[in-house]
K.L.:
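So that we are looking at the same thing, I have put the structure below in structure tokens.
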Amino acid sequence: FRSAEAKLWPRTNAPRRAGVSSFGIGGTNVHAVLEEAPPEPQPQPSARRLQLVTLSARSESALQEASLNLAAFLREQPAASLADVAYTLHVGRAAWTNRRAVVASSSPDCADLLQNTPDDFSNLAGTRSVVFAFPGQGSQHPRMGASVDRSEPLYRSVADECGRAFRALIGIDPREITDPEILKQTRYAQPALFLTEYALARQWMEWGVQPAALIGHSIGELVAACLAEVFSLDDALKLVTARANAMQRCEPGAMLAASLADEDLLKLPRGVSLAALNAPGMAVVSGNFACIQAFAEGLSARGIANRRLHTSHAYHSELMEPAVDRKS
């Protein structure tokens, strides 16, 4: 129709479309079909309570300016979706050598961190690789990984898979153990650590953080080997269970982390074994309760820092030798 007056164009279930013709002189004619823009999407609440907000720039001064500009925007728009801001900065901005990152739960919180946190600039020229390092027994505690389990579907799915397998193998999902004394027991501690470390590694990989290398200590070695596809997850879970049971049956003992000089390591008393040398001056010793207690008291008397680890046995000591011959 042709009309010089504005007409109401009611919206229906389909987008509104119009044909527009332009007839030029000499046969230059154009006909275009136009469609209305889709409705503006409504911000969706994020399942994550905390957001990682990243910034980068060519120089430290430019990075500081970008930080302050973002802080000002977030203060002016406190209702802005921090999840959307974090996503746009992560995938929609170039990555320069000067970078900064803050973890925040809301836009005002993020603004405070950007404006008040001391400058933390780093020049990251070139490509940096990532190494996953998995700890051994003694680092476990009840409900470890619980917040990630609640908020991240991939972590929860992997943890559920391991939990079902361990329930069949040891009679319980390790995530259900809330008593720290029970979790000290090797038969439960090692499955709990494997489940948490493996699921967390899979979550980081899902986020796009791919390790260039995998290393681990004690039970952490099995996590690294499984992720490196040395053996399947099913075989790893069975191996972890068999290993934990064999070690559980050994004589109980204790482990002690201490700041030991080289001369101390060369004259460890009888019944005390060097379990691990984590760095110069940082060692872990292992042995029966009486020997470790006496050794700890001697170190304290000399003013040498030391602390007992949360373990039920003396791992990496001669007390573990009977586990070598056990099949299950």
K.L.:
With a 4.5 Å heavy-atom cut-off, do Glu176 and Arg167 have their side chains touching?
P.N.:
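Counting from C-beta outward, Glu176 and Arg167 do come under 4.5 Å.
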K.L.:
Is it the case that more than 12 heavy atoms not belonging to Met205 sit under 6.0 Å from its CE atom?
P.N.:
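Counting neighbours around CE of Met205, more than 12 heavy atoms of other residues, nucleotides or ligands fall under 6.0 Å, so yes.
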K.L.:
Evaluate the side-chain proximity of Gln190 to Met247: yes if any heavy-atom separation is below 4.5 Å, no if none is.
P.N.:
yes
K.L.:
Can a salt bridge be assigned to the pair Glu36 and Arg17 using a cut-off of 4.0 Å between side-chain N and carboxylate O?
P.N.:
no
K.L.:
So, does Asp109 use its side chain to make a donor-acceptor pair with the main chain of Ser105 at under 3.5 Å?
P.N.:
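Pair found, side chain donor or acceptor close to backbone of Ser105.
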K.L.:
Answer yes or no: is there a side-chain heavy-atom contact under 4.5 Å between Tyr315 and Met320?
P.N.:
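When only atoms from C-beta onward are counted, Met320 and Tyr315 do touch, with a gap below 4.5 Å.
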K.L.:
Nearest 0.5 Å, what's the CZ-OG distance between Phe295 and Ser300?
P.N.:
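One gets 10.5 Å once the value is rounded to the nearest 0.5 Å.
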K.L.:
Are there more than 12 heavy atoms of other residues, nucleotides or ligands under 6.0 Å from atom CH2 of Trp204?
P.N.:
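Counting other residues, nucleotides and ligands, CH2 of Trp204 stays at 12 neighbours or fewer.
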K.L.:
Is there a path of hydrophobic side-chain contacts, each under 4.5 Å between heavy atoms, that joins Leu50 and Tyr87?
P.N.:
no
K.L.:
Residues two or more places apart in sequence or in another chain: which of them pass side chain to side chain contact (heavy atoms under 4.5 Å, CB included) with Ala133?
P.N.:
Ile215
K.L.:
Report the C-alpha distance between Arg302 and Asp264 in whole Å, list the side-chain angles of each, state the deciding distance to 0.1 Å, and finish with yes or no for side chain to side chain contact (heavy atoms under 4.5 Å, CB included).
P.N.:
CA-CA 12 Å; Arg302 294 165 54 196; Asp264 294 314; 3.1 Å; yes
K.L.:
Ser21: what forms a side chain to side chain contact (heavy atoms under 4.5 Å, CB included) with it, not counting sequence neighbours?
P.N.:
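Side chain to side chain contact (heavy atoms under 4.5 Å, CB included) check on Ser21 returns Phe23, His31.
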K.L.:
Are Leu195 and Val158 close enough that some pair of their side-chain heavy atoms sits under 4.5 Å apart?
P.N.:
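Counting from C-beta outward, Leu195 and Val158 never come under 4.5 Å.
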K.L.:
Check this for me: Gln210, atom CD, are more than 12 non-hydrogen atoms of other residues, nucleotides or ligands nearer than 6.0 Å?
P.N.:
yes
K.L.:
Is the ring pair His316/His217 parallel, tilted or perpendicular, if the boundaries are 30 and 60 degrees?
P.N.:
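The arrangement is tilted - the two ring planes meet at 30° to 60°.
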K.L.:
Hey, mind stepping through Arg243 and Ser218 against side-chain hydrogen bond (donor to acceptor under 3.5 Å, both in side chains) and telling me if it holds?
P.N.:
CA-CA 11 Å; Arg243 180 182 190 269; Ser218 193; 3.1 Å; yes
K.L.:
Cut-off 3.5 Å, side chains only: do Ser273 and Ser286 have a donor facing an acceptor?
P.N.:
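Ser286 and Ser273 do not have a side-chain donor-acceptor pair below 3.5 Å.
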K.L.:
Would you say that more than 12 heavy atoms from the other residues, nucleotides or ligands in this model lie under 6.0 Å from the CZ of Arg16, or not?
P.N.:
yes
K.L.:
Is the shortest side-chain heavy-atom distance between Pro180 and Pro142 below 4.5 Å?
P.N.:
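Sidechains of Pro142 and Pro180: in contact.
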K.L.:
Can you list the steps and then say if Cys250 with Leu319 is a side chain to side chain contact (heavy atoms under 4.5 Å, CB included)?
P.N.:
CA-CA 7 Å; Cys250 293; Leu319 296 183; 5.7 Å; no
K.L.:
Just do the side chain to side chain contact (heavy atoms under 4.5 Å, CB included) check on Val272 and Leu256 with the steps written out, would you?
P.N.:
CA-CA 10 Å; Val272 176; Leu256 186 79; over 6 Å; no
K.L.:
Going through the checks in order, is the side chain to side chain contact (heavy atoms under 4.5 Å, CB included) test met by Arg164 and Asp173?
P.N.:
CA-CA 7 Å; Arg164 287 191 296 269; Asp173 183 331; over 6 Å; no
K.L.:
In terms of side-chain heavy atoms, does Thr97 have a donor or acceptor partner in Arg58 at a distance below 3.5 Å?
P.N.:
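The answer is no; no qualifying pair exists.
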K.L.:
For the pair Arg175 and Asp160, find out whether any cationic side-chain nitrogen is under 4.0 Å from an anionic carboxylate oxygen.
P.N.:
yes
K.L.:
Is the shortest distance from a Lys or Arg side-chain nitrogen in Asp262 or Lys267 to a carboxylate oxygen in the other one below 4.0 Å?
P.N.:
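So Asp262 does not pair with Lys267 through a salt bridge.
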K.L.:
If we ignore angles and hydrogens, is there a donor and acceptor under 3.5 Å between the side chains of Thr186 and Arg249?
P.N.:
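Arg249 and Thr186 do not have a side-chain donor-acceptor pair below 3.5 Å.
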K.L.:
Can you tell me if Gln64 and Glu60 form a side-chain donor-acceptor pair at under 3.5 Å?
P.N.:
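Looking only at side-chain atoms, Glu60 and Gln64 do not form any donor-acceptor pair under 3.5 Å.
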K.L.:
For the residue pair Phe194 and Tyr198, categorise the inter-ring angle as parallel (less than 30°), tilted (30 to 60°) or perpendicular (more than 60°).
P.N.:
parallel
